[in-house]
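Please read through the structure below; I'll follow up with questions.
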Amino acid sequence: MWINLDPELVKYYSEESAFDQLMNCEGEKFRHIKTRRTIKFECGGKNYFIKIHRACGWREVWKNWFAFKRPVTSARMEWEAIDKLNSLNVPTLSVLGRGIRGKAPAKQESFVITEALEGMISLEQLTQRWANLAFQKRVYLKRELIRQVANIAKTIHSNGLNHRDFYLCHFLVKDRDWSQWQTEDSLTLHLIDLHRMQIRSSVPKRWWIKDLTGILFSSLDCGLTRNDLLRFSKIYWGCSLRELCQERSNVLWRVYQKARRLYVSIHSKDAPKLVT
């Protein structure tokens, strides 16, 4: 058994029983999927999130491997991803506790504790609410969000990371009165939900295409224009419009078509076309 807690948490948990106490932590439940739970809890007047992984069993492990998927057997994948993003200066969560018990992947129990990012809104929620903004303000806000998401995608992919659930709902930003937002106001996007993130020396093409497909799919209801897609692509690939059209047009078209097919399969209706 191995456990590491932030000094702020150590004083509330006895060394002998800390692991069991945290594995049985109670609070506001945000997610409960098979052997994984996400809970928001309060300790010492501060709010935290804990992701708890119970033993998944060999059946689940082999089922994933036979489906050519890497099984999520512990919280280690998430805290390693958070550590890696922090080393790349990509805003994300802060790990304040981690622990793992057991050696066999199918029998491991583990947890990761992160700070609670208070007063945040996901980009999915923001884009669903921005219809009431003045047209010009919405355009400038959309461009700034595209710039930041494209830079985050470029950073993680060029450093061997792919998210696997790269959707607008997994980007958080501080909520505010968006009608008062100005172009000079700073925005910081936090990338979250990293338990499936893969870390390699380089990202295989199929996986960065999957990430790009995901972020485009989740943005199709945002009134995207052809120029928005080109703006994202120029930042992501760091190239001129001419280079983009000459060298990346095929893969860009592939991502666009995959995103539209995914939209149809999820929503059972035709995907919105890019606004011209």
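Worth knowing before you read on, the calculation uses all heavy atoms, side chains too, and leaves out hydrogens, waters and symmetry mates.
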* Asked: Quick one: side-chain contact (heavy atoms from CB on, under 4.5 Å) partners of E8, sequence neighbours excluded?
  ->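 Once residues adjacent in sequence are excluded, the partners of E8 under the side-chain contact (heavy atoms from CB on, under 4.5 Å) criterion are D6, K11, K46, Y48.
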
* **Donor-acceptor contact below 3.5 Å, side chain S122 vs main chain Q125** =>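 Answer holds: yes.
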
* Side chains of N162 and R196: does their closest heavy-atom pair fall under 4.5 Å? -> no

* Does CH2 in W2 sit with more than 12 non-hydrogen atoms of other residues, nucleotides or ligands closer than 6.0 Å? -> yes

* Side-chain ion pair, K210 and D165, N-O less than 4.0 Å ->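 No salt bridge links K210 with D165.
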
* To do: Taking S249 for its side chain and Q246 for its backbone only, find out whether a donor-acceptor pair lies under 3.5 Å.
  => no

* Asked: Within the side chain of E243, is there an N or O that forms a donor-acceptor pair under 3.5 Å with the backbone of S240?
  ->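 Indeed, once roles are kept as given, a pair shorter than 3.5 Å links the two residues.
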
* **Candidate pair D177 and S179, rule side chain to side chain donor-acceptor pair (under 3.5 Å), full reasoning** => CA-CA 5 Å; D177 180 355; S179 65; 2.5 Å; yes

* To do: Could you walk me through whether D193 and H170 pass the side chain to side chain donor-acceptor pair (under 3.5 Å) test, one step at a time?
  => CA-CA 6 Å; D193 209 14; H170 293 147; 2.9 Å; yes

* For R138 and T127, indicate whether the former's side chain and the latter's backbone hold a donor-acceptor pair under 3.5 Å. =>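 No; zero donor-acceptor contacts below 3.5 Å.
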
* Asked: Can we say D228 and K142 salt-bridge, meaning some charged N sits less than 4.0 Å from an Asp/Glu carboxylate O?
  ->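 Result for this pair is yes, salt bridge flagged.
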
* Donor-acceptor contact below 3.5 Å, side chain Q108 vs main chain K103 ->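 Yes, because the side chain of Q108 sits within donor-acceptor range (under 3.5 Å) of the backbone of K103.
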
* For R226, does the CZ atom have more than 12 heavy-atom neighbours from other residues, nucleotides or ligands under 6.0 Å away? -> no

* Would you please test R200 and Q198 for side chain to side chain donor-acceptor pair (under 3.5 Å) and show each step? => CA-CA 7 Å; R200 309 178 180 84; Q198 297 172 323; 2.9 Å; yes

* Aromatic W208 / basic R206 pairing, under 6.0 angstrom, 45° off normal -> no

* Could you check if a side-chain atom of L229 sits within less than 4.5 angstrom of a side-chain atom of L224, using non-hydrogen atoms only? =>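 The answer is no; the side chains never approach within 4.5 Å.
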
* Quick check: are there more than 12 heavy atoms from other residues, nucleotides or ligands sitting under 6.0 Å from OH of Y140? -> no

* Between the main-chain N or O of I82 and the side-chain N or O of T92, is there a donor-acceptor pair closer than 3.5 Å? -> no

* To do: Taking the six-membered ring for Trp and the single ring otherwise, decide whether the centroids of F111 and F19 are under 6.0 Å apart.
  => yes

* **pair F49-I113: side-chain heavy atoms closer than 4.5 Å** =>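 F49 does not reach I113 side chain to side chain.
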
* Pair E78 + R36, salt bridge at N-O below 4.0 Å -> no

* Asked: Is there a donor-acceptor pair under 3.5 Å between the side chain of N159 and the backbone N or O of I156?
  ->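 No, the answer is negative, given that no donor and acceptor are paired below the 3.5 Å cut-off.
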
* Heavy-atom neighbours of K258 NZ exceed 12 at 6.0 Å -> no

* Asked: Are any of the side-chain heavy atoms of K84 and M197 separated by less than 4.5 Å?
  ->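 A side-chain contact is absent here, since even the closest heavy-atom pair is not under 4.5 Å.
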
* Asked: What pairs with Y236 under ring pair (Phe, Tyr, Trp, His ring centres under 6.0 Å), at least two apart in sequence or on another chain?
  -> H157

* When the ring centroid of F171 is compared with that of F166, is the distance short of 6.0 Å? ->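 For F171 and F166, the ring centres are under 6.0 Å apart.
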
